[in-house]
Amino acid sequence: MAESTLDRIRRERLEKAEALREMGINPFANDFAVTDSLADLSRNYADCVENPEGPPADAPRHSIAARVVAKRVMGKLSFLRLRDGSGEFQLMLRKDIMDEENYLRVRRYSDVGDFVAATGPVIRTRTGELSILADDARILTKSLRPLPEKWHGLTDVETRFRQRYVDLVMNPEVREVFRKRAGILRYMRAFLDERGFLEVETPMLQTIAGGAAAKPFKTFHNALGVPMFLRIAPELYLKRLVVGGIERVYELNRNFRNEGLSHWHNPEFTMIEFYMAYATYEDLIELTEELLSGLVLDVTGSHTIAWGDEEISFERPFQRLSVRDAIRTHLGRPDLALETLDDVLGLMGELGIEPPKPADYGRVLMEIYETVAESKLIQPTFITEFPVEVSPLARRNETDPRFVDRFELIIGGKEVANAFSELNDPVDQKGRFEGQLAAKEEGDDEAHEMDEDYVRALEYGMPPTAGEGIGIDRIAMLLTGYNNIREVILFPHMRPEQVEEDGNVE
RNA sequence: GGGGCGCUAGCUCAUCCGGUAGAGCAACGGACUUUUAAUCCGUUGGUGCGGGGUUCGAGUCCCCGGCGCCUCACCA
């Protein structure tokens, strides 16, 4: 079979690496001491001007190493555009300044994509570009595969996500997204740490996947001989810790839900969940406003972010709306009765909405809310007064036991946070679990399992507590302006590709 | 899961009605001491996502499959 372009390039580059070895240069060396990042040089020499005499003899020399992203050879003079984790800088190689043999070697055996090391003073060229004028340079790491084209770069979305390493090399703005994401995590940790919360890690492998309504991934522990699940939420473990006296606790890590993929859903996603004893969901509304408005300001420098054609404001206070009022508002019917099963069944029929299973008051009400209101809530909005049927872990409202003391925070039409005053009555909790089991019988395949140990923990006594979960990926989407979750996850899940032994894609 | 669109050289893209696949970048050889997508001369590179069908002839039309994107449904 004929040799493909890619095969030929790889062969040629392997031959270059071999030639370097024969000249005593290790093409995969690790013996070079870097003194400056490229950004350091750009910053420190911003005021440097061109000097026709060349650099003064006592000019400081700098040692840099970085990936070659462009190579311009002009005979006895060559320019290499370098990029490292901090930025870009130009490397200037002159035959009359370097050892001639070395100059010719770097010129001939280096390729775009290689890592190159160089030492020399910094100058400004005749055309105004800052450069290292190398008196010594060498190929530090040989690259065997060609990088995408310099002008259009890598744009194919599938390749960008599957080969994120190439995406990061070619598209510096991608690194910015993940810098912002790290900033979000850092801010949230600092915010909670300052308020006396303890960061913990609870099991991701669980024998009962509880704490949320979702389908889990199933696996198996060989030595124990038991089926296990990847957690869908850390909730029940964190509340066990509150029982144990860790009165402010949080966990920031992954959850796994065996559901469809979409631009808002990845099978594993990152959530911060925190619990605060002697607090109510109303306290968490205050805390959430403070956290998010501060976070947005910290990460973006403003309280307002652009979202598609809209602007989203994180100025406090955020809007508050009950589930029923959200329905009324978005249907434009302020006097609509939504108090009984007949009320909501009638409206469901009128709107042509498929009935949930089972079609009880709470599930039907939520179905209507999600259909008519949720996606229209662009500005940050706390939705409150959730029905008890869909909230098996939340504390009942004191005056209206059909509802629980819970909110969801909706931003950009999507649920970003979910919080409630926790149910700490073990008898009520046991009854709720039993209600969930009954709902499962009636067709709700995401209903909770009974968790006897959790009920036992509550029987020892959990102080009054409020807890909240915030979806980090969605916050990251909002703050980076991407409406695709894959843009804010380094390695989003995709169907596996078939890769041949030599690394070529079939 | 449903519907729509796409998949051609390593990358970014062409190829009109079905007539035997082309460019830029990259690579290779050469020239070149101030480039910024360097320039100039020359050269190479393709199982056209996979399989089947129709046809004298298929990248192009039809069918099956794969993968991706958009969208709807479900979910945070």
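A quick note: this is a predicted structure, and the numbers were derived from the prediction, not measured.
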From the set [options], return the single nucleotide nearest to any side-chain atom of [X].
{"X": "A:Arg495", "options": "B:U34, B:C11, B:C67", "result": "B:C67"}
{"X": "A:Glu158", "options": "B:C67, B:C69, B:U44", "result": "B:C67"}
{"X": "A:Asp111", "options": "B:G10, B:C28, B:G29", "result": "B:C28"}
{"X": "A:Thr125", "options": "B:G45, B:C67, B:U34", "result": "B:U34"}
{"X": "A:Thr127", "options": "B:U34, B:C69, B:A27", "result": "B:U34"}
{"X": "A:Thr5", "options": "B:A9, B:U71, B:G68", "result": "B:A9"}
{"X": "A:Lys16", "options": "B:U33, B:A27, B:U36", "result": "B:A27"}

Closer than 4.0 angstrom, basic N to acidic O: yes or no for [X] and [Y]?
{"X": "A:Glu50", "Y": "A:Arg124", "result": "no"}
{"X": "A:Arg181", "Y": "A:Glu487", "result": "no"}
{"X": "A:Glu422", "Y": "A:Arg395", "result": "no"}
{"X": "A:Lys95", "Y": "A:Glu100", "result": "yes"}
{"X": "A:Lys71", "Y": "A:Asp111", "result": "no"}
{"X": "A:Lys239", "Y": "A:Glu235", "result": "yes"}
{"X": "A:Lys414", "Y": "A:Glu374", "result": "no"}
{"X": "A:Arg61", "Y": "A:Asp135", "result": "yes"}
{"X": "A:Glu389", "Y": "A:Arg363", "result": "no"}
{"X": "A:Glu18", "Y": "A:Arg11", "result": "no"}

Starting at atom [atom1] of [X], determine the distance to atom [atom2] of [N], rounded to an integer number of angstrom.
{"X": "A:Asp156", "N": "B:U8", "atom1": "CG", "atom2": "C1'", "value": "13 Å"}
{"X": "A:Arg11", "N": "B:U44", "atom1": "CZ", "atom2": "C1'", "value": "11 Å"}
{"X": "A:Glu50", "N": "B:U36", "atom1": "CD", "atom2": "P", "value": "16 Å"}
{"X": "A:Leu93", "N": "B:U36", "atom1": "CG", "atom2": "C1'", "value": "15 Å"}
{"X": "A:Lys414", "N": "B:C74", "atom1": "NZ", "atom2": "C1'", "value": "10 Å"}
{"X": "A:Arg81", "N": "B:U35", "atom1": "CZ", "atom2": "P", "value": "14 Å"}
{"X": "A:Arg145", "N": "B:G45", "atom1": "CZ", "atom2": "C1'", "value": "16 Å"}
{"X": "A:Arg13", "N": "B:C28", "atom1": "CZ", "atom2": "P", "value": "8 Å"}

Over 60° means perpendicular and under 30° means parallel, so classify the ring planes of A:Phe318 and A:Phe382, tilted if in between. parallel

Plane angle bin for A:His448 and A:Phe433 - parallel if under 30°, tilted between 30 and 60°, otherwise perpendicular: tilted

Rounded [atom1] spacing from [N] to [M] in Å:
{"N": "B:G42", "M": "B:U36", "atom1": "C1'", "result": "26 Å"}
{"N": "B:U34", "M": "B:G46", "atom1": "P", "result": "37 Å"}
{"N": "B:U54", "M": "B:U71", "atom1": "P", "result": "40 Å"}
{"N": "B:G19", "M": "B:G6", "atom1": "C1'", "result": "26 Å"}
{"N": "B:U8", "M": "B:C13", "atom1": "P", "result": "10 Å"}
{"N": "B:C70", "M": "B:U60", "atom1": "C1'", "result": "24 Å"}
{"N": "B:C72", "M": "B:G10", "atom1": "P", "result": "36 Å"}
{"N": "B:C67", "M": "B:G30", "atom1": "C1'", "result": "43 Å"}

[N] pairs with, by Watson-Crick or G-U criteria that keep both distances under 3.5 Å:
{"N": "B:C67", "answer": "B:G6"}
{"N": "B:C56", "answer": "B:G19"}
{"N": "B:A38", "answer": "none"}
{"N": "B:A14", "answer": "none"}
{"N": "B:G1", "answer": "B:C72"}

Closest nucleotide of RNA chain B for A:Leu77 versus for A:Arg257: which of these residues is on the 5' side? A:Leu77

Nearest-nucleotide check on RNA chain B, A:Glu408 vs A:Arg107; residue mapping nearer the 5' end is A:Arg107

Sort me out a list of protein N/O and nucleotides 2-5 of chain B N/O pairs below 3.5 Å, or just none if empty.
none

With a 4.0 Å cut-off on heavy atoms, is [X] in touch with a base, just the backbone sugar-phosphate, or nothing at all?
{"X": "A:Arg160", "result": "nothing"}
{"X": "A:Asp96", "result": "base"}
{"X": "A:Asn484", "result": "sugar-phosphate"}
{"X": "A:Met92", "result": "base"}
{"X": "A:Ala213", "result": "sugar-phosphate"}
{"X": "A:Gly469", "result": "nothing"}
{"X": "A:Glu129", "result": "base"}
{"X": "A:Gln90", "result": "base"}
{"X": "A:Arg162", "result": "sugar-phosphate"}

B:U35 base / A:Arg126 side chain donor-acceptor hit below 3.5 Å: no

Could you tell me whether the phosphate oxygens of B:U12, OP1 or OP2, come under 4.0 Å of any side-chain nitrogen or oxygen in A:Thr155? yes

With A:Leu38, which of A:Ile64, A:Leu91, A:Leu130 fulfils side-chain contact (heavy atoms from CB on, under 4.5 Å)? A:Ile64

If you restrict it to nitrogen or oxygen atoms, what contacts under 3.5 Å exist between nucleotides 37-43 of chain B and the protein, and what is each distance?
unit_1, atom_1, unit_2, atom_2, d
B:A37, O3', A:Lys150, NZ, 3.3
B:A38, OP1, A:Lys150, NZ, 2.4
B:A38, OP2, A:Arg72, NH1, 2.4
B:A38, N6, A:Val73, O, 2.9

Per the O4'-C1'-N9-C4 / O4'-C1'-N1-C2 angle with a 90° window around 0, B:C17 comes out syn

Take atom CZ of A:Arg162 as the centre, draw a 6.0 Å sphere, and report whether it contains more than 12 heavy atoms from other residues, nucleotides or ligands. yes

